[in-house]
Amino acid sequence: MVRHPLSKRANKYLRKFKKWPHSPYKTSWHHNFGEQQAIQNLKQATLEMGSSQQHQPQTRNLPYPFLLSTLLDSFKAYNCDPTPKAYYFVIKTLTNTSQLQDIPPVLDHLEHLEKFETPESILVYLIRFYGLADRVQDAVDLFFRIPRFRCTPTVCSLNLVLSLLCRKKDCLKMVPEILLKSQHMNIRVEESTFRVLIKALCRIKRLGYATEMLNCMIEDGYGLDETICSLIISSLCEQKDMTSVEALVVWRDMRKLGFCPGVMDYTNIIRFLVKEGKGMDALDILNQQKQDGIKPDVVCYTMVLSGMVAEGEYVKLDALFDEILVFGLVPDVYTYNVYINGLCKQNNVDEALKIVASMEELECKPNVVTCNTLLGALCVAGDLGKAREVMKEMGWKGVGLNLHSYRIMLDGLVGKGEIGEACVLLQEMLEKCFFPRSSTFDNIIFLMCQKGLISEATELTNKIVAKSFVPGARAWEALLLKSGSKLGYSESTFSGLLAQN
DNA sequence: ATAGGGTTAG
């Protein structure tokens, strides 16, 4: 093993055969010691700089910024050459303390006056810093400059620059140029590069470019990357302005390319289609899934079931629900809730109640959602008696009533003109800080006026105005018509109203 | 091997 004498400018960092330029075990101990002392010195000086604010020691190497001159002085004092590590430290310190103006001189020095092969990691660090600090041009410039630091850029730097460019819409146009120039820099584009690009494109919701890029990959002879396909599918499904037609085209094209979707892909596209109100398309996908031999799980079924409910496809709903059982899947609360909702939508509350009873036998506990669905259906059907029962049962069974439970029940009572009971429930709600919909308030006030409960109506109005609620036209009209001129509004009623403007 | 992905409300 060759040891380099300290006096000579031995380029011991020149990378020939190994990735890491410097192994502490292979340098002479005193050399190593000197370097360590120099670094120590540099760190100490940096700390002092931080604590003494603007004060800078006399040892300044004048044409250079403070940290660079400290670096050079420190190493000179120990009679050794500055190490990449020292530069890394300086650069990190400069970025962390926002002394960006001092970075270019450091880089110039590194480029022109040092001889070692600069580790790519230092440049990667700075490129990332520039990119994240909104200095994309600096990042790009530094990327192109990498070879001048006697460093062979790899796909790491390329991927980094690309991902930085992809973060900003107006930087996207630089991507092709970077890709072209990177070829001249002898950087081998890898699958990872495509992945970076596609991920970035998905993140900024340029799904069109992302799929184009996927096609490029395939044209370039890379195999179809299932992870990328999945990524595109899932981003696609998160897009707000994506139509189901477009999504299905991408899906179909990918399948043509040989993509074999996994459970998650099916779940994503099905969820998307159902949300778009395309229950039947979702059902198609579910059938594809079965044909592909991928057993849909209870989640997929639940989503498609809800799509059937939304489209009023009750025959298909029943068939699908049966299919779940036939395939040996166990429906859970979600599944039951969707199915029960379907029955309620068909005004078949009795059947819904039977299902709830069977859930309990199957030890699948109904939850608030189940109960709210039932409550809503019973109220719509005008069966307040059963609705009350359900509400009581919720109490026994430890199913907590939530805001919606109260709102549903209150609307049911008001709808049936049960003003007394409605007021009791309203009181209970307000104590729990659950507020009815404003239209419910209006209905209650209207109803009170109709029943001649003028003072109660006035009192309620005052109370709710104090809670920042504005009665609607219907409530005002009722109040004014019924009460003539002897209205007992307190001043606070009106000042409360005014204050809301 | 595991979790997470899914439900109601005018």
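Chain letters run A, B, ... following the sequence lines, proteins first, then strands; residues in each count from 1.
Atom P of nucleotide dG6(B) and atom CG of Leu283(A) are separated by 20 Å, given to the nearest angstrom. A straight line from NZ of Lys275(A) to C1' of dT8(B) spans 15 Å, rounded to a whole angstrom. Note: CD1 (Ile408(A)) to C1' (dG10(B)) measures 10 Å, nearest angstrom. Following rounding to the nearest Å, Leu403(A) (CG) and dG10(B) (P) show an atom-to-atom distance of 11 Å.
Note on residues 320-333 of chain A: pairs passing salt bridge (charged side-chain N to carboxylate O under 4.0 Å, His left out), not counting sequence neighbours, are Lys290(A)-Glu323(A). Pairs passing the ring-ring contact (aromatic ring centres under 6.0 Å, His included) check and including a residue from residues 212-257 of chain A, sequence neighbours excluded, read Phe194(A)-Tyr222(A), Trp251(A)-Tyr266(A). Screening residues 422-437 of chain A for salt bridge (charged side-chain N to carboxylate O under 4.0 Å, His left out), with sequence neighbours left out, gives Asp411(A)-Arg437(A). For residues 375-390 of chain A, the set of pairs meeting the side-chain hydrogen bond (donor to acceptor under 3.5 Å, both in side chains) definition, not counting sequence neighbours, comprises Arg388(A)-Glu421(A). Screening residues 390-435 of chain A for ring-ring contact (aromatic ring centres under 6.0 Å, His included), with sequence neighbours left out, gives Tyr406(A)-Phe434(A).
In this structure, Arg271(A) reaches the dG6(B) phosphate: one of its side-chain N or O atoms is under 4.0 Å from OP1 or OP2.
Remark: the Ser405(A) side chain and the Asn402(A) side chain contain an N/O donor-acceptor pair separated by less than 3.5 Å. Judged by distance alone, the side chains of Asn443(A) and Arg474(A) do bring a donor and an acceptor atom under 3.5 Å apart. A donor-acceptor pair shorter than 3.5 Å can be found between the side chains of Tyr339(A) and Asp318(A).
The side chain of Val338(A) sits closest to dT7(B) out of dA9(B), dT7(B), dG6(B).
Shown here are the ring pair (Phe, Tyr, Trp, His ring centres under 6.0 Å) partners of Phe143(A), two or more places apart in sequence or in another chain: there are none. For Phe446(A), there are no ring pair (Phe, Tyr, Trp, His ring centres under 6.0 Å) partners at least two apart in sequence or on another chain. A search for side-chain hydrogen bond (donor to acceptor under 3.5 Å, both in side chains) contacts involving Glu393(A) returns Lys397(A), not counting sequence neighbours.
Looking at residues 368-387 of chain A, you'll see Val369(A), Asn372(A), Thr373(A) sit with a heavy atom under 4.0 Å from some atom of DNA chain B. The stretch residues 340-356 of chain A comes close to DNA chain B through Asn341(A), Lys345(A), each having a heavy atom under 4.0 Å from the strand. Of the residues in residues 421-447 of chain A, those placing a heavy atom less than 4.0 Å from an atom of DNA chain B are Arg437(A), Ser439(A), in numerical order.
Side-chain atoms of Asp411(A) stay outside donor-acceptor range of the base of dG10(B), with no qualifying N/O pair under 3.5 Å.
Geometric assessment of Lys316(A) against the ring of Tyr314(A) yields a negative cation-pi assignment under the 6.0 Å and 45° thresholds.
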Q) Would Glu459(A) and Lys463(A) satisfy salt bridge (Lys or Arg N to Asp or Glu O under 4.0 Å), going step by step from the backbone distance to the final call? A) CA-CA 6 Å; Glu459(A) 197 191 325; Lys463(A) 198 158 143 191; 5.5 Å; no
Got a list of protein N/O to nucleotides 1-4 of chain B N/O distances below 3.5 Å?
none

